[in-house]
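Shown next, in structure tokens, is the structure this report addresses.
In the text below, chain A, chain B and the rest are named by the order of the sequence lines, each starting its count at 1.
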Amino acid sequence: MSDAAVATAAPKLTRKDFVSDQDVRWCPGCGDYSILAQVQKVMPELGLSREKFVFISGIGCSSRFPYYMNTYGFHSIHGRAAAVASGLKISRPDLSVWVVTGDGDGLSIGGNHLIHALRRNVGLKILLFNNRIYGLTKGQYSPTSELGKVTKSTPAGSVDYPFNPIAVAMGVDATFVARGVDVEAKLLQDLLRRAYEHPGGTFIEILQNCNIFNDGVWETLTDKATKADTVLLLEHGKPLIFGKNRDKGIKLGSDSRLQVVTLGNGTQEGDILVHDETNRPLAYMLAHLETPTPIGVFHATIRPTYEEAMSKQLEAARQKLGPGDVNALFKRGETWVVR
Amino acid sequence: MSDAAVATAAPKLTRKDFVSDQDVRWCPGCGDYSILAQVQKVMPELGLSREKFVFISGIGCSSRFPYYMNTYGFHSIHGRAAAVASGLKISRPDLSVWVVTGDGDGLSIGGNHLIHALRRNVGLKILLFNNRIYGLTKGQYSPTSELGKVTKSTPAGSVDYPFNPIAVAMGVDATFVARGVDVEAKLLQDLLRRAYEHPGGTFIEILQNCNIFNDGVWETLTDKATKADTVLLLEHGKPLIFGKNRDKGIKLGSDSRLQVVTLGNGTQEGDILVHDETNRPLAYMLAHLETPTPIGVFHATIRPTYEEAMSKQLEAARQKLGPGDVNALFKRGETWVVR
Amino acid sequence: MGGGVPREKSLGQPRMEEERKGAMRVETQAVAAAPGKRREQRDSVVIRFAGDSGDGMQLTGMQFTTESALAGNDIGTLPDFPAEIRAPAGTLAGVSGFQLNFSSLEVYTPGDSPDVLVAMNPAALKVNIGDLKPGGILLADRDGFDAGNLKKAGYAGNPLEDGSLGQVQVFVVDMTGMTLKVLEDLKLSNKVASRCKNFFALGVCSWLYSRPIETTLKWIQDKFKKTPELVEANARVLKAGYHFGETTEMFAVQYEVKPARISPGTYRNVTGNTALSLGLLAAANKAGLPLFLGSYPITPASDILHELAQYKNFGVYTFQAEDEIAGVCSALGASFGGVIGVTTSSGPGIALKQEAINLAVMVELPLVICNIQRGGPSTGLPTKTEQADLYQAVFGRNSDSPLPVLAAATPTDCFTTAYEAVRIAIKYMTPVILLSDGYLANGAEPWSIPRFEELPAIPVHFRTEAEGFFPYLRDPETLARPWVKPGTPGLEHRIGGIEKEDVTGNISYSPANHELMTHARAQKLAAVAQDIPPTSIRGDHAGDLLVVGWGSTYGSIAAAVDEVRARGKRVSQIHLRYLNPLPPDLGGILRRFKTVLVPEMNMGQLLTILRAMYLVDAVGLNKIQGQPFKISEIAGRILRLLEG
Amino acid sequence: MGGGVPREKSLGQPRMEEERKGAMRVETQAVAAAPGKRREQRDSVVIRFAGDSGDGMQLTGMQFTTESALAGNDIGTLPDFPAEIRAPAGTLAGVSGFQLNFSSLEVYTPGDSPDVLVAMNPAALKVNIGDLKPGGILLADRDGFDAGNLKKAGYAGNPLEDGSLGQVQVFVVDMTGMTLKVLEDLKLSNKVASRCKNFFALGVCSWLYSRPIETTLKWIQDKFKKTPELVEANARVLKAGYHFGETTEMFAVQYEVKPARISPGTYRNVTGNTALSLGLLAAANKAGLPLFLGSYPITPASDILHELAQYKNFGVYTFQAEDEIAGVCSALGASFGGVIGVTTSSGPGIALKQEAINLAVMVELPLVICNIQRGGPSTGLPTKTEQADLYQAVFGRNSDSPLPVLAAATPTDCFTTAYEAVRIAIKYMTPVILLSDGYLANGAEPWSIPRFEELPAIPVHFRTEAEGFFPYLRDPETLARPWVKPGTPGLEHRIGGIEKEDVTGNISYSPANHELMTHARAQKLAAVAQDIPPTSIRGDHAGDLLVVGWGSTYGSIAAAVDEVRARGKRVSQIHLRYLNPLPPDLGGILRRFKTVLVPEMNMGQLLTILRAMYLVDAVGLNKIQGQPFKISEIAGRILRLLEG
Ligand SMILES: Cc1ncc(C[n+]2csc(CCOP(=O)(O)OP(=O)(O)O)c2C)c(N)n1
Ligand SMILES: Cc1ncc(C[n+]2csc(CCOP(=O)(O)OP(=O)(O)O)c2C)c(N)n1
Ligand code: SF4
Ligand code: SF4
Ligand SMILES: [Mg+2]
Ligand SMILES: [Mg+2]
């Protein structure tokens, strides 16, 4: 059952309904502002009344997010948002539960909760703001920072080979895996809508600029001058073509590896791989593509959610055993009477 | 640098040198016995003296392993073996550090340490005994248990979609990923040797029978009558052929998905995919193959290890700054003298 | 360990239905004395069944317990499992034991040392013989004492034959042999057939203590109904054992233990873990809330997860999380959703949960954290008992982080305490830690089954009025903040772990506000203290010595205190259910006694707290052996203190 | 906070090189009085620089500190960061402050309330004006007080003009304007140019207190060497500010603070975190061991990771782990390998580490756990200070789990305490918890630089003899078990978290052994107690009132005690570095005073421990505001207690 299906008839909402009364405390210029704006824009369009939304986060700059949403919110502890949210969603499947986390919060200390929530397909809408740095603690490298990165904690450069968040999600068989960019407003809105409609857990990595501690880390992907050549927009059923002149594409080599090819010179559009969101290996391969960097939905598939299956078990037990008679339960097993 | 390279000339050792004086306390019939036997058989052949081996484990039946090895050993706490071992290996790269863990220890509570150790490529030789159950705590389901599994904690059947350990390792870009089976002695020995020789972190999932709480969970793969048709042995450079009559094989479909085909009827050996350990997407696809179930080395690639890179940084700093003068360090920055 | 008034009262639980000792009649058949045998009366008997873990000793013990309960005795039990799942057969490590104390008097403990030891093999003998009372009965299976088993147990000769056992009445019976003979015609494999021998032992013991075996026969029918040949086999062997007792000349005496004076009511046997599970369930149902358990398996807490997982039709969600942290966090998430969140674990797992428990302290949501303590530190002695996590419960979080801590005293008291923990958590909007331990968890005693309707009310108010709503506007009496279910229109709000501004709940870094909120959190405990019933004292209200205990030591202390009081000593007992906050009347009581003794299965944790709170020069009696106190250990210490 | 003898002694550290107060001469230039200005002497001045976080107030404060240290003053500093990384410019949330106390007398604290407040904008004024001493000096940047900023700070009018500031000497200077003018010809953008205004403020203050600016000029050259135009700009502005002070008629008086009597030696300023890092490094080097830091970033501990990461050429491994648990576990793994393992964190992170720390207690390996405490509970007040993790350190693990706990008293004492922690960890083969806090971590004071050669020896013995080796055969004096490096032939052995058999270290479930080992672990602490130097008392050895403190309250207590002693009161002070075990002589000392006062930045944690240990009716003075005590708060309490 899609979360959309639990939508109750609500009065028409606007962006302002989702803006809380708290001052936004991110650094001026932070990529988080744009993400917040897109979320606040999309929420009222979804047809679910405001009180049904819950935003849960861990700790980090990104995790301040819930304070700025005029919905229910829980700013929990570092790394544990997915675990807190799982308990809520399992016992309250009627709510639309969103998790906001960072590359440190979600992939360092919280990595385990993230991968377990994804494999279980708990219906959480997870937004991971990836700025490849620890913002809140003022600039240590994160599990997505590049090898060799010089930060406060790695004055000689990082020696940690980074996680590829999309590949991680594919490795744990997540049912919806996508990548957005803070400044790509439209794409982000689309992804948020898709996530909301997806009947199950969703994982969106959002490339985000931290202009204080890691400024420009995604610059080649956001710079108007270069991005047509560095970014590949994934669209289901469409060939994987990119480039300023849309003359480059992705081909599947006979060795089951992806190749970047230029159209013309014997290569036709027909040779170009057509994106198929349901194809798990393809998503995995695309995850490892660096130039161009794919954005959009890598993978979407449908599998029963944890909370659905659990609710069904409760319902089945009620059907079979009745609604639960505490006195009868007390007397289960051998009893005797003393008069 | 391969661990093999740090081998010191050692007197010829035998299996008995690696047998400790502790009584083995696994249930009679437990698959762990066979794994122990293979490890004790292979260790003396590696050419490294006994005192250079360290076995580190978490908690679980499997994690009792170190007690039975007459090497250095550390039976730590639940889920943390990879973290303890990382500290040891980084600061003592001269040691051959082995981690023994279970599907609960390594993938449930310890999942985060496992994936971080693998992405960092810390040179740990990780053996994950997968019996798809919590043995030591007497039979709850684990993160690798099948959907619908009835256990003490899931009387109505598990609703947790399980991890695929090989896919998890591939999702975090591990450099050596393999699968063995407790009773396949020769394969296990080969894998242990390969792991030892691999210059970096290795991950071996070992399918293991818990005859008390999950008896027969791998039966179709170990039963002599069926296994030729259910198991696919991966051999680098060889076509992916299996079956009692070696008449079945794996083909790569045009949609980049694997297909099981029967030889003959127009399908030739030449159509069959040749296994390539260096091909990451192929390993990921094979990870999701259930019938037949691949065993052997899925993926092997070489990347600098964490400890190597770290040691190099220390060495480089020593080269540049000298061996470290504490008095000079004390006086770093602005100083003044009071007489 | 029967459910008598004094104990219930002493634990300060007047809300539970009142039980009264009165005339009693147990519905059970009388067994006539066997012909040609003398029948002797006993007040109490302690029996221990011991054998290899594969020998079914737990099952034998449980069945004998049921028979004794049905015979109207008061009872107390203590199972003792080996740490290994399946240690090699016949080894000392593989010995499994089950001790039962059944009595016509009130039972407080499973007994210090057995009157009867049933030993199925040499390893069982070796591990347990030292505990047998001088002159006690040893019942051994001759066939189990073969050369192989003797060697595995490290015996040079056969102790059953070489006279090395000293002052013990030894009865050697060919249990395995007779079992096989009785089953000859059934064509069972030797292995399967000989596995029935525990029923032979049970049969013999049933005869010896004049227990009717009908219920066991019924139970066998039920338990093995899928394999009728086992029903037949086990039933035959049970009867064979019983008849052997009757006919053999080995036993000249048959014993009888009369029914105990037990409060009227319907009873069943429950372990502490079952009682605790039922207490949580009952409280959630009373409050009209679904229950969410977020947990990760760990000995000896796992059985609560197993139990609650069976309550799905009651609206119980059980979530086996990826680790303890996810267990507590998911429970807190559920509590945020308006469900009663519970998490269960043992010491090492609780350590992992503390950061999240501290979040619960800050966000002020109801949450029940059950710690089924075990031997420590670190992995320690997972299958042994200890009560050494009091420090961790009261002091074990970063910063000043007060929360109520309750402890259960007996297996059945786990029900009452769990119920009370839920009540407090909801009423005061606070996490509550409940301490039980391995001894209570696995030990069983008769439980006087309450009627759900008569359990104390647990009112829940979910705020729905938007007007005047502030997330941290407190109830003036309880200092509870409002509980709001997400999904309630107009009450959207945000909570979190950063210090909250008074009333509004907004983030606040104000120094004065932090001090105010720190005091508010402390004041909440003071409010809970007002809710604690007057401390009940077993014995006089003043005197020479007061024994103060908490947790599973209750039975040993009560028995010891009764023993020394019977000798005319001015000794009293109080047993604390509320450890944080402590009862407001406690200080006054302590001052009325010359000496205060605090027996604990730790190095003196309650002792530290009492000394700090009341500046009373209390002394400790500390046992750190993974085993409960013997009555004699406490009684001895009391007497020495009174002399010295 | 200078490094005088009395304080060093009072912390019981006779091993450190002896420092002696003696005649002193600071190598610095004298500054002549400006013509036409009066010059007045001051003993002590407290100055606070406050502005927007973008205004460079920390830097300004640090430079003025350096100037003052070079001028020979004793000093104490207190930075105060906003919680947000970059709160919106001009808001109250974005205010950043730096307070400095510089004096010709001994300095114990950064001062209760400033004599001088530099306010760069209205928000800075609003947040800080309440603290300014009556009659104090306010130096404000007129340009910062524009309409927008006034509004952001919530001012209706301009407080600099509307007379609302009351009893304060207000000096309003066009700092931004003059800065821009001075830089006109440099073609810097307006934004860049106006960023230099903090140097104008520094220049003015330097003149006002007769500080030489040469070092700052040199520092500017160094700091900005990659952008020569900034060297020029900042240097110009600094001088402009200085000359403005000299020439303006606004200031009639120039102040002078004479050099303090400071023990001879070479000095530098260190923060607590730097000193702590150096202490760890020095100890590891002394022991001849590599150091392994396994850590996860958290405020206010992260800087230790940053600092140690720069010591690679000393054989220091820093491992930024995936979480706190991996941090401590990796450090323990390194310790197992014969390296000194260290882990650092703050309260919430320490909570996560406790299970693994308990493993360290069980396996008895050296390990140093540094807790840089912050305001709690839960996420609490991450950027504020508190000393509320004493409970967690002493009591916060499952079961009886004793380990040494040490606390640093001042920024420089972090060096000594870290060194001592490593020494104890190695000598006794035990984990050691070191408590510091946010106030010490970020606060700086002059450090009398020791000579490495003169630091106490830290002998390390790695066992290599196979003959007679047992993993748990203890040294009879220290109860330490042998430390063996994996790789040593013939000594292969296994350790782990299950209870160990005495001597052999094999797994043991024996009840008696568990009790024995529990006592052995406790006895190890008793052995450490024998190693604690006699407690030194500031003041008389008996009297009316004793103030007992620990941690960062040292300075405030010392100053308060001196103050009341100066009034002839019989008040003394002891300050504990060793919190577990407590010094053996402590009980005796406490009994020699009529009243014992325990000031703590928590709800009374040491208080609880002292009451429990010594049954002394000590009273607490508790401040839970995320801020250090003021001297007057403690002095006031002492006086009231003496009266009452
Ligand atoms: C238990 C715990 N450990 C560490 C911290 C400190 N901490 C807070 S946020 C953070 C990292 C944040 O990084 P990320 O998730 O990438 O968020 P960002 O600030 O970059 O948005 C850390 C280490 C903490 N608050 N709690
Ligand atoms: C912190 C903590 N949590 C829980 C446990 C209990 N525990 C011990 S082993 C185990 C699971 C073991 O499963 P697995 O790793 O699959 O090992 P197996 O016994 O199956 O070999 C659990 C839950 C523990 N010892 N410590
Ligand atoms: S530090 Fe970086 S991530 Fe954090 S608010 Fe500032 S710009 Fe954004
Ligand atoms: S419980 Fe299972 S895994 Fe554990 S020792 Fe027994 S058979 Fe092996
Ligand atoms: Mg980040
Ligand atoms: Mg397992």
For Arg195(C), does the CZ atom have more than 12 heavy-atom neighbours from other residues, nucleotides or ligands under 6.0 Å away? no
For residues 204-215 of chain B, give me every residue with a non-hydrogen atom less than 4.5 Å from any non-hydrogen atom of chain C. Ile212(B), Phe213(B)
Heavy-atom count around Glu146(B) CD within 6.0 Å, excluding the residue itself: above 12? yes
Can you name the residues that form a side-chain contact (heavy atoms from CB on, under 4.5 Å) with Gln40(B), not counting sequence neighbours? Arg15(B), Phe18(B), Val19(B), Leu36(B), Met69(B)
Is any residue of residues 72-81 of chain B within less than 4.5 Å of chain C by heavy atoms, and which ones? Ser76(B), Ile77(B), His78(B), Arg80(B)
Could you state the interatomic distance from CD (Gln140(B)) to OH (Tyr296(C)), rounded to the nearest 0.5 Å? 9.0 Å
Gln320(C) vs Ser153(B), test: side chain to side chain donor-acceptor pair (under 3.5 Å). Steps then yes/no. CA-CA 7 Å; Gln320(C) 182 179 311; Ser153(B) 56; 2.5 Å; yes
Which portion of Cys61(B) sits near chain C, non-hydrogen atoms under 4.5 angstrom: side chain
Atom group of Leu352(C) that falls short of 4.5 Å from chain B, counting heavy atoms: side chain
Residues in residues 378-385 of chain C that sit under 4.5 Å from chain B, counting heavy atoms only: Ser378(C), Thr379(C)
Measure across Ser108(B) and Ala321(C) and return the closest heavy-atom pair with its distance rounded to 0.1 Å. OG-O, 4.2 Å
For the CG atom of Asn112(B) and the CG atom of Asp323(C), what is their distance to the nearest 0.5 Å? 9.5 Å
If you count heavy-atom pairs under 4.5 Å between each of Leu107(B), Thr137(B), Val24(B) and chain C, which one has the most? Thr137(B)
